[in-house]
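All of these numbers come straight from a predicted model, not from anything done at the bench. Residue numbers start at 1 and run along the sequence shown. Atom set for the values below is all heavy atoms of this structure, side chains included, hydrogens, waters and symmetry mates excluded.
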Amino acid sequence: MKWNLTLAVVITYLLMAALFGNFFYPLIIMVTLPLAAAGGFIGLALTNTFIAAQALDILTMLGFIILIGIVVNNAIVLVDYINLLRRELGMDLDSALVEAARRRLRPILMSTTTSVFGMLPLLVMPGAGTELYRGMAAVIVGGMLVSTLFTLILLPSLLRLNEERKQSGAAVAE
């Protein structure tokens with residue numbers, strides 16, 4: 001499974017590099033993946049504590065691979081809109097960050113809500129078969145909740161820090 005996880009990360013990075021036309025924005029988006037994985041482990045630990053014991057089995061690991069594809073969607077929506085505002089409307093970065101966060105908050109929250117509520121029946125409902133998929137649901141629910149929070153806070157901060165780094169590098173070159 002570790003090779004499958006690695007392959008999923010590499011393919012996701014390459015697809016985003018093709019989408020954005022550079023190698024930097026996908027790196028910033030990929031920062032959300034370890035945070036999503038931490039959220040997945042937190043969700044699994046909370047499931048073990050409050051619902052039922054759940055092992056780290058193949059289906060649970062499959063939840064981490066699924067999480068890679070789901071988590072980057074929110075970050076792509078935000079970063080792509082920031083780029084659009086800067087490119088098409090000529091906004092400076094600070095204005096584009098505020099406007100993108102304001103306009104893309106609802107789609108990001110809708111995506112997270114549908115993923116979380118779609119997995120909740122597998123996570124909390126007792127019944128035949130739910131114990132099989134409970135770990136995958138716990139990983140996806142925990143990972144989505146944590147990654148959404150960090151996508152909305154961390155991504156704009158990283159973009160702003162990179163802009164400051166570029167400006168200070170340009171000032172040193174002059």
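Note: Asn162 CG to Leu93 CG = 9.0 Å, rounded to the nearest 0.5 Å. Residue Ile153 holds its CD1 atom at 11.0 Å from CG of Leu35, rounded to the nearest 0.5 Å. Atom CE of residue Met144 and atom CG of residue Asn74 lie 5.0 Å apart, to the nearest 0.5 angstrom. In this structure, Thr148 OG1 and Leu109 CG are separated by 7.5 Å, a value rounded to the nearest 0.5 Å. Separating the CG atom in Asn22 from the CG atom in Leu27 is a distance of 9.0 Å, to the nearest 0.5 Å. Annotation: the span from Leu67 atom CG to Leu62 atom CG amounts to 11.0 Å, rounded to 0.5 Å.
The shortest distance between side-chain heavy atoms of Ile108 and Leu78 falls below 4.5 Å. Thr60 is not listed as a side-chain neighbour of Met136, based on a closest heavy-atom distance of 4.5 Å or more.
Leu33 and Leu7 end up in different hydrophobic clusters when Ile, Leu, Val, Met, Phe, Trp and Tyr side chains are linked at under 4.5 Å. Residues Leu159 and Leu89 do not share a hydrophobic cluster, defined by chaining ILVMFWY side chains whose heavy atoms lie under 4.5 Å apart. Cluster annotation: Ile28 and Leu84 are assigned to distinct hydrophobic clusters (Ile/Leu/Val/Met/Phe/Trp/Tyr, side-chain heavy-atom contacts under 4.5 Å, transitive). When the side chains of ILVMFWY residues are joined at heavy-atom separations under 4.5 Å, either directly or via intervening members, Phe64 and Val31 end up in a single hydrophobic cluster. Taking hydrophobic clusters as Ile, Leu, Val, Met, Phe, Trp and Tyr residues chained together by side-chain heavy-atom distances below 4.5 Å, Val10 shares a cluster with Val72.
A donor atom on one side chain and an acceptor atom on the other are not found under 3.5 Å apart for Ser111 and Asn73.
Thr47 approaches Ala138 most closely through the heavy-atom pair OG1-CB, 3.1 Å. Ser115 and Ile70 make their closest contact through OG-CG2, 3.8 Å (heavy atoms, listed as atom of the first residue, atom of the second, distance). Contact record, Leu155 with Ala75: CD2-CB, 3.7 Å, taken as the closest heavy-atom pair. Of all the heavy atoms in Val71 and Gly143, the pair that sits closest is CG2-O, 4.5 Å. Here the closest heavy-atom approach between residue Ala8 and residue Ile68 is recorded as CB-CD1, 4.0 Å. Across every non-hydrogen atom of Arg134 and Met125, the tightest pair is NH2-O, 3.6 Å.
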Assess the residue pair Met16 and Met30 against the criterion (side-chain contact (heavy atoms from CB on, under 4.5 Å)); give the C-alpha distance rounded to whole Å, side-chain angles, the decisive distance to 0.1 Å, and a yes or no. CA-CA 10 Å; Met16 286 189 298; Met30 297 298 263; 3.4 Å; yes
Test side-chain contact (heavy atoms from CB on, under 4.5 Å) on Tyr133 and Leu123; report intermediate values, then the result. CA-CA 8 Å; Tyr133 296 105; Leu123 182 61; over 6 Å; no
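Between Tyr25 and Phe20, the ring planes lie tilted relative to each other; the angle falls in the 30° to 60° range.
A salt bridge does not link Arg86 with Glu99: every distance from a Lys NZ or Arg NE/NH1/NH2 to an Asp or Glu carboxylate oxygen is 4.0 Å or more.
Here the side chain of Ser95 pairs no donor or acceptor atom with the backbone of Met91 at under 3.5 angstrom. Checked by atom type and distance alone, the side chain of Thr32 pairs as donor or acceptor with a backbone atom of Ile29 at under 3.5 Å.
No more than 12 heavy atoms of other residues, nucleotides or ligands lie within 6.0 Å of CZ in Phe23, so this atom counts as exposed by the packing criterion.
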